[in-house]
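Notes to accompany the following structure.
Computed from a predicted structure; not experimentally measured.
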Amino acid sequence: MGYVGSVENDLNLGSVPDVLGGGTQDFTWWRFLAWVLLPLPVVLVVLLSAPAPRLVRRGVLRFVETLLVARVRGPIEIIHFALLIAGLSVTFCIGPMLSSEAEVAKLENRRDPNILVMLLARQYRNERNFWLALFTLSSWAVLWIVYQVNRDKHVLRGKLLALQGKGAAAADEVAFLGNDSARRLERAGDNVAATRPAGTSRPTVDGIVKKDL
């Protein structure tokens, strides 16, 4: 009875966050993780990876750039905050998940149906929270990598345009990074154009980088 009582106390549903719960008390960290922190990077990765006109792609890049590097407090940006809290969530889930698996294993020789169902429910909940946190962490990491690849691609194209003396086109290519970066490349392109001898032909960047990049 002591064992049963301790299990029932441990399995008090009010003490464990439930993503799928319906009451106001169930709006917990796990619900926030499931409905906010997880979908956001997934949607942004799809938008960054989907084929779209270059104007639309640059608009998406500008939005993602603004979101990821926005300051939460001091030097901490949103991407740092998201990776930190998702990583901590994964870490805090490991202990309860292993503990619940061990308690289920203890009942192999004492299969009380009621206790077994409660333990399996807790094991399911802990494993669900672990995979939810791990998938959230992975999604933010993938978003950061995909964003960096797209960002570097446009920056390199802008530098190629600047080297060809196309200052305005180079500035437009990196406009999503802010006015400072755009003006810097525009000045570099104008300087190249000003120092090129008259009548000198210039190779087109489209021969090196595809137009749809």
Side-chain angles (χ1 to χ4, degrees), residues 32-90 133-213:
F32 174 72
L33 210 69
W35 294 106
V36 179
L37 281 186
L38 175 57
L40 181 59
V42 172
V43 171
L44 293 178
V45 166
V46 171
L47 291 176
L48 286 173
S49 305
R54 292 184 57 195
L55 183 62
V56 175
R57 289 179 61 81
R58 283 202 292 267
V60 173
L61 275 171
R62 180 188 292 272
F63 172 74
V64 176
E65 165 81 14
T66 303
L67 174 68
L68 294 184
V69 302
R71 301 286 182 177
V72 177
R73 186 173 184 178
I76 301 177
E77 300 173 351
I78 284 184
I79 182 63
H80 303 146
F81 178 73
L83 291 173
L84 175 64
I85 58 180
L88 289 176
S89 298
V90 173
L134 184 61
F135 191 30
T136 301
L137 176 64
S138 302
S139 298
W140 280 98
V142 169
L143 172 62
W144 180 249
I145 293 172
V146 172
Y147 163 73
Q148 288 293 329
V149 169
N150 281 272
R151 179 184 183 277
D152 292 346
K153 178 181 64 178
H154 283 274
V155 169
L156 288 174
R157 181 180 172 86
K159 289 180 178 180
L160 286 173
L161 288 168
L163 289 173
Q164 293 179 350
K166 301 178 180 179
D172 182 62
E173 195 69 32
V174 297
F176 67 93
L177 293 176
N179 294 330
D180 291 341
S181 298
R183 282 195 294 266
R184 188 160 53 247
L185 270 187
E186 185 174 12
R187 285 196 299 268
D190 292 342
N191 291 337
V192 171
T195 57
R196 179 181 292 114
T200 303
S201 61
R202 61 187 182 189
T204 61
V205 71
D206 296 327
I208 306 172
V209 182
K210 293 183 180 180
K211 288 184 178 180
D212 59 349
L213 285 181

For a side-chain contact (heavy atoms from CB on, under 4.5 Å) check, start with the C-alpha distance between V64 and V146, then their side-chain angles and the critical distance, and finish with the verdict. CA-CA 11 Å; V64 176; V146 172; over 6 Å; no

For E173, run the salt bridge (charged side-chain N to carboxylate O under 4.0 Å, His left out) check against R57, K166, R157 and tell me which one passes. R157

On a heavy-atom basis, the closest approach of V174 and V155 is CG1-CA, 3.8 Å

Please check this pair: side chain of T195 against backbone of V192, looking for a donor-acceptor N/O pair closer than 3.5 Å. yes

Not counting sequence neighbours, which residues clear side-chain contact (heavy atoms from CB on, under 4.5 Å) with F176? List them please. L61, R62, R151, H154

For residues 42-53, which residue pairs pass the side chain to side chain donor-acceptor pair (under 3.5 Å) check, not counting sequence neighbours? none

With sequence neighbours left out, which residue pairs that include part of residues 40-59 fulfil the ring pair (Phe, Tyr, Trp, His ring centres under 6.0 Å) condition? none

Which is it for L185 and K159 under the side-chain contact (heavy atoms from CB on, under 4.5 Å) test, yes or no, and what are the steps along the way? CA-CA 7 Å; L185 270 187; K159 289 180 178 180; 4.2 Å; yes

How would you list, by chain and number, every residue that makes a side-chain contact (heavy atoms from CB on, under 4.5 Å) with L47, sequence neighbours excluded? V43, L44, V60

Residue pairs passing the side chain to side chain donor-acceptor pair (under 3.5 Å) test with at least one member in residues 75-89, sequence neighbours excluded, are W29-S89

Could you pull out the closest heavy-atom pair between L37 and W140, with the gap in Å? O-NE1, 2.9 Å

Can you tell me how far the CG atom of L48 sits from the CD1 atom of I145, to the nearest 0.5 Å? 12.5 Å

Does the side chain of L143 come within less than 4.5 Å of L68's, by heavy atoms? yes

Can you list everything that forms a salt bridge (Lys or Arg N to Asp or Glu O under 4.0 Å) with D172? Sequence neighbours excluded, please. R58

Should V69 and I78 count as side-chain neighbours, where that means a heavy-atom distance under 4.5 Å? no

Residues at least two apart in sequence or cross-chain that pass side-chain contact (heavy atoms from CB on, under 4.5 Å) with L38, listed by chain then number, are V42, L132, F135, T136, S139

Residues which pass side chain to side chain donor-acceptor pair (under 3.5 Å) with D180, listed by chain and number, not counting sequence neighbours: R183

Applying side-chain contact (heavy atoms from CB on, under 4.5 Å), name anything that partners L84, two or more places apart in sequence or on another chain. L88

Using 0.5 Å steps for rounding, measure from the CG atom of L177 to the CZ atom of R184. 9.0 Å

Closest contact, heavy atoms only, A175 versus A182: CA-CB, 4.3 Å

With a 6.0 Å cut-off (strictly less than), is the heavy-atom count around CG of N179, excluding the residue itself, greater than 12? no

List the steps, then state whether side-chain contact (heavy atoms from CB on, under 4.5 Å) holds for L83 with W144. CA-CA 10 Å; L83 291 173; W144 180 249; 5.7 Å; no

Search all heavy atoms of G158 against all heavy atoms of A170 and return the closest pair with its distance. O-CB, 3.2 Å

